[in-house]
Amino acid sequence: MKIMKFGGASLADAQKIYHVAGVIKNFAREEKVIIVVSAFLGVTDRLISIYQNYKANQIENGVKELQDLHDFHFDIAREIQKNKNGPCSFFDSLSQLFAQLTAYVTFHRDYGKEAFDHIVSYGERISSTFVACALQNLGVTAKPIESSKVIVTTDKFGDARVLIPQTRNQAERVLLPMLIQGIIPVFTGYFGATLDGRITTFGRGGSDYSATILAHVLDAQEVILWKEVDGVFSADPKKNGSARFLAEISYKKAAEMAKNGAKVLHPQALEPIIDKKIVVWVKNTFRPELAGTKIWQGNKT
Ligand code: ASP
Ligand code: MG
């Protein structure tokens, strides 16, 4: 089984979402896959801005940004439906998610860390419904799954850590039956929930961590982190012309790079998989034929 995570830049519009659905469909022919999705490009930043406006009592700005975010998603949803005459319609669940989000930001009086995590989690809750719908329209059975029902965490809002035994139980209970029935889970990245059900996030870029957590508890064969670049480079190729593509790097090197601020992967993401020696690939969503970068224990013993 493989865990495949798609970042926000891979999910920026209807065309890209269908492209991602096609990549998933190809992989799913050969093996069981669980999909982890980030929010669409820029959406987490927009949700943070909405939170900040409400917190600062700039209600008018908050309402406007919320409306824009609503329209942005509904425009993409209409495109999703226009491109293919598939069976999926998700306008109801999308409306419901926006109604819940609006009620939460409007009536919640305490805009602390817990409210922050709750509000920003909507980016992934929304994007997972899109990807599942696009898959259904391509004839693939898929279902959005909220990670708060599976990943159990500490209560450190904004920087939560997984509680492995509880998460393993939930993953086996919720995800395995779906895989057995041939349903692809489209899992929300970035957040989990405390034992008493309060939403917690893992910090920015946390969907990588969601993917490696699932790989650990379900003993996946490998994790593929799909991005909009060919893999990992020795430096940022956008800023540095002499940046080299790295065909493989060790866990140790990847951890160092993440610590030094290179946007390789979320700083906690290697933790769940190092002991089990689960290989992580970083691949380009738009050039899936390329091998990408392999992150693994390395040749040295
Ligand atoms: N959407 C979240 C963020 O932008 C999580 C992620 O992308 O992994 O930080
Ligand atoms: Mg993101």
Side-chain angles (χ1 to χ4, degrees), residues 2-12 16-17 20-21 23-24 27 33-48 116-132 135 142 144-153 156-162 167 170-171 175 184-193 199-218 220 222-229 231-232 254-255 258 262-273 278 280-285 292-293 295:
K2 289 195 164 99
I3 313 292
M4 307 213 291
K5 177 234 136 175
F6 291 89
S10 301
L11 300 166
K16 288 185 173 159
I17 293 165
V20 163
V23 171
I24 296 170
F27 270 81
V33 290
I34 295 179
I35 307 308
V36 176
V37 290
S38 294
F40 297 159
L41 186 64
V43 166
T44 305
D45 289 332
R46 292 169 76 168
L47 286 163
I48 292 172
F116 177 97
D117 281 9
H118 190 98
I119 291 167
V120 298
S121 73
Y122 275 90
E124 277 73 12
R125 295 202 232 179
I126 293 167
S127 67
S128 64
T129 64
F130 280 74
V131 174
L135 280 165
I145 294 290
E146 294 201 1
S147 47
S148 45
K149 299 196 174 98
V150 175
I151 300 185
V152 184
T153 74
K156 193 156 183 224
F157 296 99
D159 190 23
R161 295 286 190 281
V162 64
T167 300
Q170 285 305 100
L175 299 173
I184 298 183
V186 183
F187 194 83
T188 54
Y190 188 34
F191 67 95
I199 302 270
T200 50
T201 66
F202 306 128
R204 298 306 303 268
S207 305
D208 294 343
Y209 186 46
S210 315
T212 58
I213 289 169
L214 289 185
H216 176 98
V217 297
L218 295 173
E222 56 187 39
V223 176
I224 307 179
L225 304 176
W226 293 92
K227 310 206 175 212
E228 75 293 4
V229 290
V232 179
K263 286 195 172 149
V264 178
L265 77 183
H266 183 269
Q268 256 67 54
L270 290 171
E271 232 165 66
I273 47 127
I278 299 169
V280 178
W281 290 91
V282 178
K283 277 173 74 81
N284 189 337
T285 308
T293 297
I295 305 176

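For the atom pair CD1 (Ile119) and OG1 (Thr201), the distance works out to 11.5 Å, reported to the nearest 0.5 Å. Remark: His266 NE2 to Tyr190 OH distance equals 9.0 Å, nearest 0.5 Å. Separating the CD atom in Glu228 from the CG atom in Leu11 is a distance of 10.5 Å, to the nearest 0.5 Å. Distance check, rounded to the nearest 0.5 Å: CD1 of Ile48 to CZ of Arg204 gives 4.0 Å. Here the OG-CD1 distance, from Ser127 to Ile17, works out to 8.0 Å after rounding to the nearest 0.5 Å.
Here the side chain of Glu124 pairs no donor or acceptor atom with the backbone of Ser38 at under 3.5 angstrom. For the pair Thr293 (side chain) and Val232 (backbone), a donor-acceptor distance under 3.5 Å is present.
Residues forming a side-chain hydrogen bond (donor to acceptor under 3.5 Å, both in side chains) with Thr153 (at least two apart in sequence, or on another chain): Thr200. Every residue meeting the side chain to side chain contact (heavy atoms under 4.5 Å, CB included) condition with Lys16, not counting sequence neighbours, appears here in chain and number order: Ala12, Asp13, Phe286. Applying the side-chain hydrogen bond (donor to acceptor under 3.5 Å, both in side chains) rule to Lys5 yields the partners Asp208; only residues at least two apart in sequence or on another chain are considered. Ala171 pairs by the side chain to side chain contact (heavy atoms under 4.5 Å, CB included) definition with Val150, Leu175, Val217, Leu218, not counting sequence neighbours. In this view, Asp159 and Lys156, Arg161 satisfy the salt bridge (charged side-chain N to carboxylate O under 4.0 Å, His left out) rule, not counting sequence neighbours. With sequence neighbours left out, Phe116 forms a ring pair (Phe, Tyr, Trp, His ring centres under 6.0 Å) with Tyr51. Annotation: side chain to side chain contact (heavy atoms under 4.5 Å, CB included) contacts of Ser121 (sequence neighbours excluded): Arg125, Phe191, Ile199. Listed by chain and number, the residues in a side chain to side chain contact (heavy atoms under 4.5 Å, CB included) with Pro272 are Tyr209, Thr212, Ile213, His216 (sequence neighbours excluded). Residues satisfying the side-chain hydrogen bond (donor to acceptor under 3.5 Å, both in side chains) test with Thr188, not counting sequence neighbours, are Ser147. With sequence neighbours excluded, the residues that form a side-chain hydrogen bond (donor to acceptor under 3.5 Å, both in side chains) with Lys2 are Glu31.
Contact between Val36 and Gly189 at its shortest, heavy atoms only, is CG1-CA, 3.7 Å. Of all the heavy atoms in Gly158 and Asp117, the pair that sits closest is N-OD2, 2.7 Å. Across every non-hydrogen atom of Val33 and Pro185, the tightest pair is O-CD, 3.7 Å. Between Ala254 and Leu270 the shortest heavy-atom distance is CB-CD1, 3.9 Å. The nearest pair of heavy atoms linking Thr167 to Val152 is OG1-N, 3.0 Å. Residue Leu47 comes nearest to Gly123 through the heavy atom pair CD1-N, 3.3 Å, listed as atom of the first residue, atom of the second, then distance.
For the side chain to side chain contact (heavy atoms under 4.5 Å, CB included) with Ile278, the lone residue among Ile3, Ile295, Ile273 that qualifies is Ile273.
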After noting the C-alpha distance and the side-chain angles of Val282 and Leu265, does the key distance pass the side chain to side chain contact (heavy atoms under 4.5 Å, CB included) rule?
-> CA-CA 9 Å; Val282 178; Leu265 77 183; over 6 Å; no
Where do Phe27 and Met4 land on the side chain to side chain contact (heavy atoms under 4.5 Å, CB included) test, with the steps shown first?
-> CA-CA 10 Å; Phe27 270 81; Met4 307 213 291; 3.8 Å; yes
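Ile24 is listed as a side-chain neighbour of Phe6, based on a closest heavy-atom distance under 4.5 Å.
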